[in-house]
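This report concerns only the one structure given below.
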Number of protein chains: 2
Amino acid sequence: MTASGRKKQRKSTAPTMLHVAEAARVSIATVSALLNGTATVSPELTQRIEQAIRDIGYKRNAIARSLKMGTTRTIGLTVPHITNPFFTDVVSVIQQAFDRAGYAVMLCCTDEDLNTQDEQIRLLLDRMVDGLIVARVGDGGILKSIVEDANVPVVLLDRLCEGVDTDAVVLDNQRAVFDAVTYLIHLGHRRIGYITGTSDISPMHDRMIGYREALQAAGLPVAEELIRSGNFHEIDGYNATMQLLSLHDRPSAIFSANNPMVIGTMKAIRDIGLSCPEDISVACFDDFPWSDVFVPQLTTVAQPVQAIGEQAANLLLDRLAGNRDAPPRKLVLKGRLMIRNSCRPLGAIAQSVSA
Amino acid sequence: MTASGRKKQRKSTAPTMLHVAEAARVSIATVSALLNGTATVSPELTQRIEQAIRDIGYKRNAIARSLKMGTTRTIGLTVPHITNPFFTDVVSVIQQAFDRAGYAVMLCCTDEDLNTQDEQIRLLLDRMVDGLIVARVGDGGILKSIVEDANVPVVLLDRLCEGVDTDAVVLDNQRAVFDAVTYLIHLGHRRIGYITGTSDISPMHDRMIGYREALQAAGLPVAEELIRSGNFHEIDGYNATMQLLSLHDRPSAIFSANNPMVIGTMKAIRDIGLSCPEDISVACFDDFPWSDVFVPQLTTVAQPVQAIGEQAANLLLDRLAGNRDAPPRKLVLKGRLMIRNSCRPLGAIAQSVSA
DNA sequence: AACGCTAATCTAAACGTTTCGAACGTGTCA
DNA sequence: TGACACGTTCGAAACGTTTAGATTAGCGTT
């Protein structure tokens, strides 16, 4: 605590371009030119400037740069829940892709709530993100107007949005569920319970269609009491399953259209004293790391998370690279049914289980 | 494509404060004063300005603001892998906390690589983040100098860093593993395999000590051949487990100090034709949503992710609120052993298994 | 010797805010 | 009536860059 070292230079202004310029005895413009390669600067000055930068420990101020350039090299990414393993994986891929391209990623979780989403998007736009990748939530909100004002490019992820005409990458949800349910039917299942999230988002809507069409294609009736919907959370899956299992003529199989909800399904089956696949078969949407580790190994519809993330990143990077006026592009990827052993063929014995 | 609507106003400069000022027939300083509440402005002008803002659709440019103010209300967060469920959860909590405080979060994944981490941190500092939360990787790097230069506050998460003296929130790893291993010993296990990540990060180091101390406290020898280390990934856990299981006197239990690696452990057990817990007991670090859903229900050490995330956020927010000179604070939280059924008591029959 | 050309460098005006200090009008007091 | 204080409003200088356009020096032409 000497008299000299007082106040701990809180205001230790970081070195600026001006300091570099002075130290190198050149103009500030020359420093900028060298840093950006926008003009040729003589070997001599180059050397002096580089030395000065090293001596001073100069770091270019990206905020000032952003202000002048009108670009932040930062993008915004919003997802409903980062704890959903599908989104976790996709976020990871997207982050890597933008990292490679020299962009930073601002991540927001919207918690399946439209107001939160709007707020987050505003937050991101305030910070002048160059682009937006949105796994949207809800139907209206400010998303539409943002896309229309077209100042920042938007890529929709996983979920389309009615009336919002912009780049998107989604799964062929209808086909994926069609295949999964058809698989169950081939195993001999006739009464197949279906648990969905709220149907105001496109994947849930499309998956439901896939379910209905698979039944119809097999000449089976669609029993409305076998369809339950919840709000994407484990507890919703639990409740939905409880209801399904207490039907007088209960299903022999359950398909859960959402990953977190299937945890609830499994817990409900356990709590009610049944077991999978002996008493009831289960399949669900979205693969996850543990799906083939435990008993039963869960049959799932795996999304190509790597491709989804990369394509979304590419679409946005392409817009950011200047390709602004191309018409909106929609990429539809295919899911893959990962057949494991949580669904069993229905034999004579299983038929009588519901009795 | 009429002659009038050409070029699609790409350069549709967003409305600025100047526009508002003009529309409201006031000076730009008054607009700023009103927006920030830094001076009283008469009801009349207030009304005119607010009207103008609404008419024009003005949004304050946070970049310009940041440049002037020297603060971005953005923090940087780096984690080794976002797909690790522990980090996923913590990230989620942290994101929420900062969201509430009006901060944006830039997320980076360092992929357990020191160079990547340094690069990411530089990226974040370039963008003038106000603070940093780092679940660090490697030992040296620029982290030390950043903390010392002390221009931006840093909070270490989950992992301490030698020689880096700053705020931190970590688990009492040693105690947590001590308890878990002691539990195994009480069940009758004598040869307990231990799978760790590389020991250059503090949690791995501390957990290892916990393991050794538990054995010693019970008067058991520490058999080095039962300790295997890998690089945090599933495959490493798989290989390590394979090695443990092919020992002539193989362990009756395995503790995995890292969550992703336990997936490999379970797969190795399965592939080698054994089953858990009948043939071998398993416990691991980090709880996850599926841990009690399937068979076996995994015994784990659960970290208080909510508390960890919130405390880390609070430490940083406190610094950001101006409390810069307080000495570094280290928060040590307690883990909780979640006893399920992946570890079984050793009876007479089990004793002979290794024969 | 005057001219133009090129290459290298510099000057100064932005970018959209915040903020300090000055200016203004009005009312109070001696 | 002049001095003064007070509450509002404004002008203008920052913040740290980029960049268009001016300036300079060097050099070959005619």
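Among residues two or more places apart in sequence or in another chain, the side chain to side chain donor-acceptor pair (under 3.5 Å) test is passed with A/N36 by A/S32, A/R60, A/R65. In this structure, B/H19 has no ring-ring contact (aromatic ring centres under 6.0 Å, His included) partners at least two apart in sequence or on a different chain. Residues satisfying the salt bridge (Lys or Arg N to Asp or Glu O under 4.0 Å) test with B/D113, not counting sequence neighbours, are none. Residues forming a side chain to side chain donor-acceptor pair (under 3.5 Å) with A/S27 (at least two apart in sequence, or on another chain): A/T30. Among residues two or more places apart in sequence or in another chain, the side chain to side chain donor-acceptor pair (under 3.5 Å) test is passed with B/K59 by A/D126. Not a single side chain to side chain donor-acceptor pair (under 3.5 Å) links B/S92 to another residue, sequence neighbours left out. The salt bridge (Lys or Arg N to Asp or Glu O under 4.0 Å) check on A/K144 picks up A/E148, with sequence neighbours excluded.
If you measure from atom CZ of B/R73 to atom P of C/dT18, you get 13 Å, rounded to the nearest angstrom.
No option in A/H81, A/Q117, A/E119 other than A/Q117 meets the side chain to side chain contact (heavy atoms under 4.5 Å, CB included) test with A/T110.
For residues 309-318 of chain A, the set of pairs meeting the side-chain hydrogen bond (donor to acceptor under 3.5 Å, both in side chains) definition, not counting sequence neighbours, comprises A/Q306-A/E310, A/D318-A/N323, A/D318-A/R329.
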Below 3.5 Å, can you tabulate the donor-acceptor pairs from side chains in residues 93-105 of chain B to any protein atom, sequence neighbours excluded?
from: B/Q95; atom 1: OE1; to: A/C109; atom 2: N; distance (Å): 3.4
from: B/Q95; atom 1: NE2; to: A/L107; atom 2: O; distance (Å): 3.2

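Axis angle between the ends of the helix from C/dA1-D/dT30 to C/dA30-D/dT1, five pairs each and rounded to 10 degrees, works out to 70°.
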Legend entry - Letter per nucleotide, 5' to 3', of nucleotides 9-19 of chain D [B base touched, S only sugar-phosphate touched, - untouched; heavy atoms, 4.0 Å]: SBB--BBBBBB

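Proximity of residues 118-132 of chain B to DNA chain D (heavy atom under 4.0 angstrom from any strand atom) is not detected for any residue.
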